[in-house]
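The basis for the numbers below is simple: all heavy atoms, side chains too, and nothing from hydrogens, waters or symmetry mates. Per chain, numbering begins at 1; letters A, B, ... match sequence-line order.
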Amino acid sequence: MLDMKFLRNNYEEVKEKLKYRGEDLSEFEMFGELDEKRRKLISETESLKAKRNAATEEIAKLKREKKDAEPAIQEMREVGKKIAELDKELKEVEEKLKQILYSIPNIPHESVPIGEDEDDNVVHRTWGEPPEFDFEIQPHWDIAKNLNILDWERAAKVTGSRFVFYTGLGARLERALLNFMMDYHADHHGYTEMLPPYIVNRMSMIGTGQLPKFEEDAFKLEEWDYFMIPTAEVPVTNYHRDEIMLDLPKKYVAYSACFRSEAGSAGRDTRGLIRQHQFNKVELVQFVKPEDSYETLEELTGHAEKILQELELPYRVMSMCTADLGFTAAKKYDLEVWIPSQNTYREISSCSNFEDFQARRAGIRFRREPNAKPEYVHTLNGSGLAIGRTVAAILENNQQEDGSVVIPKVLVPYMGGVEVIR
RNA sequence: GGAAGGUUGGCCGAGUGGUUGAAGGCAACGGUCUCGAAAACCGUAAAGGAUAUGAGGAAUAUCCUUCAGGAGUUCGAAUCUCCUACCUUCCGCCA
C-alpha cells in the first residue's frame with residue numbers, strides 16, 4: 001500500500017513508474033476524484049461534529065443548573081441526522097479508496113532493471129560450474145523412482161495431483177535439509193527461530209499483500225475466513241502487525257509447509273518437485289530501519305546463497321526486472337539453481353525488499369527514540385531455501401552413473417551418516 | 001457444543017450516560033540536586049485524520065476520531081443494548 005498523501009502529491013510520477021510493471025491501472029484513475037470527495041466530506045462532517053460537541057456541553061450545563069434544555073436538544077436532533085448521513089457517505093468513499101490503495105502494486109526501486117517480461121531479468125552473478133556428466137543423465141523424478149524415495153502415485157490416490165509422499169531416505173533427506181537450513185541461519189546468521197501457524201486470517205493475507213488481489217491463488221478454508229499460508233512470510237511478517245517496534249533490526253527464520261493453488265499454471269512442471277500444491281520452505285524475514293533496507297537485501301540474499309554454497313550447488317543470482325517483480329516488492333533477487341535435466345537454472349529462492357509497502361498495510365512501525373514519532377519499518381524476506389526444489393537439485397546434480405545420489409558433505413551428519421542414497 | 005467472566009494509552013490499572021483523551025502507578029524523556037550517578041522533587045509526554053499558516057517539507061494552531069471490532073439507543077456512550085473476534089475459568093467431547 002502506498003501513502004495516500006504521497007500518491008496525491010506525486011500522482012503522475014507514480015503512474016509513470018507503475019507503467020513498467022505492466023499492471024492494470026484502471027482503478028487507479030479514480031483515485032484523485034475520490035480523494036477529493038473524501039476530504040470534502042470530512043470537513044463537512046467534522047464542522048458539524050464540532051458544533052454538536054459544543055452544544056452537548058451546553059446542554060449538560062443547562063441540566064446541571066436545572067434549566068430547560070429542550071430547544072437545544074431539538075436542534076441537535078437534526079444535526080445528528082445530518083452527521084449520520086454524511087458519515088455513511090464518507091465510509092463508502094473511504095472503502096472504495098482503500099480498495100484502490102490495496103490494489104496498487106509497489107513502486108520499483110530505481111536500481112531495478114526496466115523490462116517487459118522475464119527475459120529482461122538481469123544475471124547479477126553466478127556461482128559454481130554446472131557439472132559435466134559422461135553418462136545419460138536422468139530427471140530427478142526418475143532418479144527418485146528408481147531409489148524408491150518419492151511416491152506420486154499414492155499421493156495422487158490419497159490427495160490428488162501435485163502432491164507427493166517422501167519415503168525412507170527421501171523423507172530423511174528433506175528433513176535433513178530443513179534442519180540444516182534452520183540451524184545454519186539460526187547459528188551463523190543471527191536469526192531467531194520461529195515455528196508459525198500454517199493457517200492465517202484475512203487481515204494477515206492483506207497485510208503481506210496476497211489479498212485482496214490474488215485470492216484465487218490461495219487455499220481457503222470452506223467454513224472459515226482462514227487461508228492456508230502460501231509462505232511463512234505471511235504469519236511471520238504479521239507477527240508484528242499493528243505494533244510499534246522498539247528494537248530493530250529483527251531477524252526471524254521460520255520453517256513451514258507452504259500451500260499454493262497454482263491457478264493459471266496448469267500444464268507447467270507437471271512432473272517432479274518443482275511445482276507442488278504443498279511444499280516445505282525455510283523463510284528468512286527481517287524488519288529493519290528504512291535507511292538500512294537495501295544493504296539488508298544484499299545481506300539476506302547472501303544468507304540464502306550461503307546455503308547453496310554449503311550444499312555445493314551451482315546457481316546464479318538474477319535481478320528481477322520491473323515486469324517480474326511481483327505485486328509487493330520494490331526490488332527482488334531470485335536465486336536460481338542449476339537443474340541438469342532441464343539444462344537451465346530454476347528459481348529456488350526469492351529475496352525481496354518491500355520497503356514500507358507491507359508495513360503500511362500491516363501497521364508495523366518503530367520509534368527511533370523513546371518519544372519520537374512512529375515510522376513505518378521496512379520488511380524483507382527471502383527463501384532460505386525452498387526445500388523440495390533443493391532436493392530436486394541435489395538428486396540431479398549429484399546423480400551417479402549407477403543411479404545413486406551422493407549426499408552433500410554438510411548433510412551427512414543430518415542423514416545419520418548416510419553418504420550415498422542407492 | 002454448554003456456562004460464566006474479561007478485552008482501556010509503551011506496560012499495569014481506575015473508571016457504569018455529560019469539563020474522562022481518559023485517575024493512579026511503572027517505564028520513558030527534560031530539568032533541579034550531584035564531581036558524576038542513584039534517590040528525591042518539578043515538569044513533558046498516545047495514535048490517526050482534516051483544515052489553516054508555512055515550500056503541499058520541518059513546525060505551530062484549531063478541529064475531528066479513537067477505550068477489541070461492528071451495529072444500535074441517545075441531544076450526548078469507555079460507560080446502556082445487540083452481533084462478531086479473541087483471552088480466562090468450569091462442564092461436555094476428543095487426542
Side-chain angles (χ1 to χ4, degrees), chain A residues 1-14 31-98 100-102 196-197 199-207 211 220-221 223-227 235 238-248 250 287 290-291 356 359-377:
Chain A
M1 185 160 69
L2 304 178
D3 178 34
M4 196 147 47
K5 270 188 212 154
F6 178 81
L7 204 51
R8 185 185 304 150
N9 300 334
N10 304 279
Y11 184 78
E12 289 305 323
E13 192 191 333
V14 170
F31 174 80
E33 193 188 324
L34 283 170
D35 177 54
E36 217 166 285
K37 196 169 174 193
R38 167 174 173 271
R39 283 184 293 159
K40 186 164 154 270
L41 283 168
I42 286 174
S43 307
E44 281 179 40
T45 179
E46 284 192 353
S47 63
L48 281 177
K49 280 175 183 171
K51 192 173 161 191
R52 182 178 68 184
N53 289 342
T56 286
E57 216 169 296
E58 192 58 30
I59 289 167
K61 201 173 141 202
L62 288 172
K63 292 236 174 182
R64 247 180 281 125
E65 293 168 0
K66 307 247 185 275
K67 290 182 186 159
D68 180 22
E70 204 44 43
I73 290 176
Q74 283 302 334
E75 195 192 338
M76 282 310 110
R77 240 172 230 157
E78 290 308 309
V79 173
K81 266 185 212 158
K82 184 74 186 162
I83 289 173
E85 277 171 37
L86 290 174
D87 268 346
K88 195 176 158 217
E89 205 177 328
L90 178 63
K91 223 178 136 180
E92 285 166 9
V93 169
E94 291 198 320
E95 184 56 35
K96 275 187 208 157
L97 267 175
K98 204 168 76 183
I100 290 173
L101 284 174
Y102 276 154
I199 295 174
V200 295
N201 61 31
R202 181 172 290 272
M203 274 314 297
S204 294
M205 292 288 274
I206 290 173
L211 294 182
K220 184 172 186 321
L221 270 62
E223 299 288 330
W224 302 62
D225 206 17
Y226 286 175
F227 298 83
N238 280 280
Y239 184 71
H240 287 297
R241 171 145 55 84
D242 295 324
E243 288 185 14
I244 298 174
M245 301 177 70
L246 297 172
D247 47 330
L248 293 180
K250 275 275 183 197
F287 301 81
E291 62 270 28
D356 64 3
R360 199 178 292 283
R361 291 175 157 241
I364 308 169
R365 295 174 295 173
F366 77 104
R367 289 187 210 272
R368 291 181 188 277
E369 304 292 335
N371 283 340
K373 266 185 105 59
E375 298 172 51
Y376 287 108
V377 304

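Comparing B/C12 with B/A85, their P atoms sit 24 Å apart, to the nearest whole Å. With both ends at atom P, the span from B/A14 to B/A23 equals 14 Å, rounded to whole Å. On the P atoms, B/U65 is 26 Å away from B/G15, given to the nearest whole Å.
With sequence neighbours excluded, no residue forms a salt bridge (Lys or Arg N to Asp or Glu O under 4.0 Å) with A/E75. Listed by chain and number, the residues in a salt bridge (Lys or Arg N to Asp or Glu O under 4.0 Å) with A/K98 are A/E95 (sequence neighbours excluded). Qualifying side chain to side chain donor-acceptor pair (under 3.5 Å) partners for A/E57, counting only residues two or more places apart in sequence or in other chains: none. Applying the salt bridge (Lys or Arg N to Asp or Glu O under 4.0 Å) rule to A/D87 yields the partners A/K49; only residues at least two apart in sequence or on another chain are considered. The side chain to side chain donor-acceptor pair (under 3.5 Å) check on A/R360 picks up A/D356, with sequence neighbours excluded. Shown here are the side chain to side chain donor-acceptor pair (under 3.5 Å) partners of A/E70, two or more places apart in sequence or in another chain: A/Q74. When the side chain to side chain contact (heavy atoms under 4.5 Å, CB included) test is applied to A/L48, the partners found at least two apart in sequence or on another chain are A/V79, A/K82, A/I83, A/L86.
One can place CG of A/D87 at 10 Å from C1' of B/U65, the figure rounded to the nearest angstrom. In this structure, the CD atom of A/E57 is 19 Å from the P atom of B/G17, given to the nearest Å. The distance from atom CG of A/N53 to atom C1' of B/U20 is 14 Å, rounded to the nearest whole Å.
Ionic pairing of A/R368 and A/E291 is present here: one or more N-O contacts between side-chain nitrogen and carboxylate oxygen are shorter than 4.0 angstrom.
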For nucleotides 70-79 of chain B, just jot down a letter per nucleotide in 5' to 3' order: B, S or -, based on protein non-hydrogen atoms under 4.0 Å. SS---BS---
For nucleotides 44-58 of chain B, read 5' to 3', which letter fits each nucleotide if B means a protein heavy atom sits under 4.0 Å from the base, S means only the sugar-phosphate is that close, and - means neither? ---SSBSS----B--
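Side chain of A/R52 to backbone of A/G80: no donor-acceptor contact under 3.5 angstrom is found.
At a threshold of 4.0 angstrom between heavy atoms, the contacts of A/N201 with the nucleic acid are absent. At a threshold of 4.0 angstrom between heavy atoms, the contacts of A/Y226 are confined to the sugar-phosphate backbone, with no base atom among them.
Looking at heavy atoms from C-beta onward, A/V200 lies out of side-chain contact with A/N238 at the 4.5 angstrom threshold.
Applying the side chain to side chain donor-acceptor pair (under 3.5 Å) test to pairs two or more places apart or on separate chains, those with a residue in residues 33-42 of chain A are A/R8-A/D35, A/D35-A/R39, A/R38-A/E94.
Counting non-hydrogen atoms of other residues, nucleotides and ligands closer than 6.0 Å to OH of A/Y239 gives a total of 12 or fewer.
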For RNA chain B, what is the dot-bracket line, given that a base pair needs Watson-Crick (N1 to N3, plus N6-O4 or O6-N4) or G-U wobble (N1-O2 and O6-N3) geometry with both distances under 3.5 Å, and | means paired with another strand? ((((((((.[[[..)..(.....]]].(((((.......))))).((((((((.....)))))))).[[[[[..)....]]]]])))))))....
Check: protein-nucleotides 93-95 of chain B nitrogen or oxygen pairs below 3.5 Å:
none

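Closest approach of A/I100 and A/F31 over heavy atoms only: CD1-N, 4.3 Å.
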